[in-house]
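Right, I'll just put the structure down here and ask away after.
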There are 2 protein chains.
Amino acid sequence: MADFPSALQRFPVTVDIVALTVRDDVLNVLLITRLIEPFRGRLALPGGFVLAGEGLGEAAIRELAEETGVEQVPGHLEQLQSYGPQGRDPRGDVLTVAHLLLAPDFPVLSAGSDAEQAAWCPVGDVLAGERHLAFDHARILVDAVERARSKLEYSPLGAAFCGEEFTIAQLRAVYEAVWGTRLDPRNFHRKATGNPGFLEDTGRMTTGDAGRPAALFRLAAEARSAAGEPVRAVLNPPLMRPHS
Amino acid sequence: MADFPSALQRFPVTVDIVALTVRDDVLNVLLITRLIEPFRGRLALPGGFVLAGEGLGEAAIRELAEETGVEQVPGHLEQLQSYGPQGRDPRGDVLTVAHLLLAPDFPVLSAGSDAEQAAWCPVGDVLAGERHLAFDHARILVDAVERARSKLEYSPLGAAFCGEEFTIAQLRAVYEAVWGTRLDPRNFHRKATGNPGFLEDTGRMTTGDAGRPAALFRLAAEARSAAGEPVRAVLNPPLMRPHS
DNA sequence: TCAAAAGTGTTTAGCGTACACCCATGG
DNA sequence: CCATGGGTGTACGCTAAACACTTTTGA
């Protein structure tokens with residue numbers, strides 16, 4: 001069996017995770033405060049080096065667990081894009097494979113220890129440049145948000161932001177937060193429920209809220225992503241975002 | 001300034017290029033025949049190791065030039081996805097960043113020498129499994145074709161398969177080849193020409209062909225990709241592919 | 001004059017949008 | 001009873017699809 005070329009260049013490889021959720025009707029991203037150089041004290045995307053014997057997805061899940069304390073992947077994880085290896089890290093060339101996580105508002109580890117502290121931050125504030133992100137993470141975040149926006153149009157992944165069971169209004173709030181628009185509740189209801197293979201009625205209802213109780217839905221079985229595999233199901237017709 | 005962790009794992013990184021074009025009304029992919037182990041004699045995507053001091057896009061362009069003889073990027077190049085590093089290469093863990101090139105039917109280097117020989121192959125034949133590709137290149141090809149198909153719907157990149165100037169019928173042939181469908185010439189003509197910011201009439205006409213001469217168009221300035229940057233312009237309304 | 005391909009006009013059916021309206025609960 | 005939000009019905013305008021028809025060339 002052949003071997004690698006002798007003068008072969010090798011690169012450190014990291015995974016970064018852009019974890020998005022909807023909190024208080026606003027899109028939020030999970031950021032950590034860096035405790036070590038470079039960029040010590042700055043906000044950054046959670047992530048870290050890929051270890052020997054690891055796949056990219058595995059590394060992303062491990063890093064997420066280490067920095068937030070989640071045991072399982074709390075939503076939908078997919079690869080976003082790779083960046084580098086040039087000019088990203090003052091220590092040298094590093095290739096990073098960015099990942100996108102769409103998840104409900106899960107609690108993050110708030111260890112009072114010296115562990116890196118993760119926290120949800122409104123995407124709008126971060127992109128407005130109030131807090132500069134480490135490395136090229138601002139650019140990665142921009143790409144991630146744009147990907148998330150278009151994903152909602154033609155895939156059932158909006159439901160990844162909700163819990164196991166949700167109302168149509170909660171799902172609509174997700175779309176409104178991610179797209180930054182207002183949607184007609186009545187037309188949205190029809191489009192969402194009328195889309196074959198998207199939602200499943202659980203038969204249960206909300207109770208205790210103001211107004212008429214809402215039916216609880218779950219993501220249809222055929223629209224759920226199977227263990228890290230990409231969601232093949234497509235929204236047909238798509239839920240188009242209102243174009244400017 | 002901080003340094004990398006001492007026990008840091010480093011990986012060889014390759015770029016692979018899925019170069020697609022339309023030849024004889026069929027989608028084709030550029031493949032090389034491997035002259036060295038592993039997978040010697042098998043068909044593979046063009047590509048190779050990323051060198052020190054190189055960005056991913058640069059490496060893709062260099063490898064394409066080395067293996068096909070093209071001097072400039074002959075079409076639209078964009079990053080597809082990364083694969084690995086586990087279980088892809090019998091020599092060890094290798095991360096690959098796959099790229100997608102949509103280009104007109106450019107001539108490939110047919111050196112009679114011992115250089116790797118590149119050739120256009122119909123995608124349908126390759127995916128039918130008549131010729132097994134090296135590494136995980138069959139899977140990469142599947143992902144690339146699916147990406148190309150959806151790109152045509154909402155981006156002006158169909159024109160990347162045509163030359164500088166083209167007729168509406170040539171552009172329609174691209175869509176038909178990539179989607180594997182037939183489109184109504186008259187409705188397609190209206191959709192394509194009626195899309196603001198997509199096509200520009202050159203004022204010139206074809207001549208010499210059978211039938212009425214056709215107007216020659218070029219891609220509108222605002223729809224051209226600026227030096228490796230992603231095409232931001234979006235087809236509005238999209239050219240939807242007929243769904244089953 | 002005919003064949004072939006380009007391009008335009010017209011009809012129809014379906015969908016997105018807007019919005020009136022009714023339903024079911026909590027206070 | 002009223003406010004609040006859930007859910008349905010309906011009218012209108014736009015667009016995709018189908019296809020008849022005209023235009024302009026080569027043979």
Side-chain angles (χ1 to χ4, degrees), chain A residues 24-25 152-154 158-159 162 165-177 179 181-218 234-244, chain B residues 25 152-154 158 162 165-177 179 181-218 234-244:
Chain A
D24 307 322
D25 296 327
L152 291 210
E153 293 198 21
Y154 51 86
C162 302
E165 297 189 352
F166 50 88
T167 67
I168 300 296
Q170 289 169 338
L171 184 63
R172 177 168 48 85
V174 165
Y175 278 76
E176 291 181 334
W179 287 346
T181 59
R182 312 253 34 173
L183 299 172
D184 186 297
R186 301 156 294 192
N187 291 332
F188 183 86
H189 186 281
R190 230 177 330 211
K191 284 205 229 179
T193 56
N195 217 306
F198 182 18
L199 299 181
E200 242 170 39
D201 197 334
T202 64
R204 313 200 310 120
M205 310 281 277
T206 56
T207 174
D209 298 340
R212 174 174 168 177
L216 283 166
F217 292 82
R218 79 170 72 85
V234 160
L235 242 44
N236 204 342
L239 277 164
M240 300 291 273
R241 73 180 123 167
H243 49 269
S244 51
Chain B
D25 296 327
L152 290 210
E153 292 199 19
Y154 51 86
C162 302
E165 297 189 350
F166 49 88
T167 67
I168 300 296
Q170 288 169 339
L171 184 63
R172 176 168 50 82
V174 165
Y175 279 76
E176 291 181 335
W179 286 346
T181 59
R182 311 251 39 171
L183 299 171
D184 186 297
R186 299 155 296 191
N187 292 332
F188 183 87
H189 186 280
R190 231 176 331 215
K191 284 206 228 178
T193 55
N195 218 307
F198 183 20
L199 299 180
E200 243 170 39
D201 195 335
T202 64
R204 313 201 310 122
M205 310 283 277
T206 58
T207 173
D209 298 340
R212 174 175 167 176
L216 282 167
F217 292 83
R218 78 170 71 86
V234 160
L235 242 44
N236 204 340
L239 277 164
M240 300 291 271
R241 74 180 121 167
H243 49 270
S244 52

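We name chains A, B, ... by the order of the sequence lines, and we start the count at 1 in each one. Fair warning: this is a prediction, and the values are worked out from it, not measured in the lab.
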Using atom NZ of B:Lys191 as one end and atom P of C:dT8 as the other, report the distance to the nearest whole Å.
-> 17 Å

Against the side chain of A:Pro213, the closest entry in C:dC19, D:dG7, C:dA24 is C:dA24

B:Arg186 CZ to D:dA16 C1': how many Å, rounded?
-> 14 Å

Nearest non-hydrogen partners of A:Leu216 and A:Thr202, listed with the distance = O-OG1, 2.7 Å

Of A:Asn187 and A:Met205, whose nearest nucleotide on DNA chain C comes first from the 5' end?
-> A:Asn187

Just say parallel, tilted or perpendicular for the rings of B:Tyr154 and A:Tyr154, cut-offs at 30° and 60°.
-> parallel

Result for 5'-nearest mapping on DNA chain D, choosing between B:Ala210 and A:Arg190, is A:Arg190

Closest approach of B:Ala173 to B:Asp25 (non-hydrogen atoms, all atoms of both residues) = CB-OD1, 3.8 Å

Assign A:Asp184 to base, sugar-phosphate, or nothing according to its heavy-atom contacts below 4.0 angstrom with the strands shown.
-> base

Once you round it to whole Å, what is the distance between C1' of C:dA6 and CZ of B:Arg172?
-> 10 Å

Picking from C:dC19, D:dT24, C:dG16, which would you name as closest to the side chain of B:Arg212?
-> D:dT24

Kindly point out which of D:dG6, C:dA20, D:dA20 is positioned nearest to the side chain of A:Ala214?
-> D:dG6

Can you check the B:Leu183 CG to C:dA6 P distance for me, whole Å?
-> 14 Å

To the nearest Å, how far apart are A:Leu216 CG and D:dG7 P?
-> 9 Å

For B:Thr167 and B:Asp209, run side chain to side chain contact (heavy atoms under 4.5 Å, CB included): C-alpha distance rounded to whole Å, both residues' side-chain angles, the deciding distance at 0.1 Å, then the answer.
-> CA-CA 12 Å; B:Thr167 67; B:Asp209 298 340; over 6 Å; no

Considering all heavy atoms of both residues, which atom of B:Glu176 and which atom of B:Leu183 are nearest to each other, and what is their separation?
-> OE2-N, 2.9 Å

A:Asn195 CG to C:dC15 P, in whole Å, measures 12 Å

D:dT8 P sits how many Å from A:Phe188 CZ, rounded?
-> 14 Å

Whole Å only: how far is the CZ atom of A:Arg182 from the P atom of C:dT17?
-> 16 Å

Which listed nucleotide (D:dA16, C:dG9, C:dG7) is nearest to the side chain of B:His189?
-> C:dG7

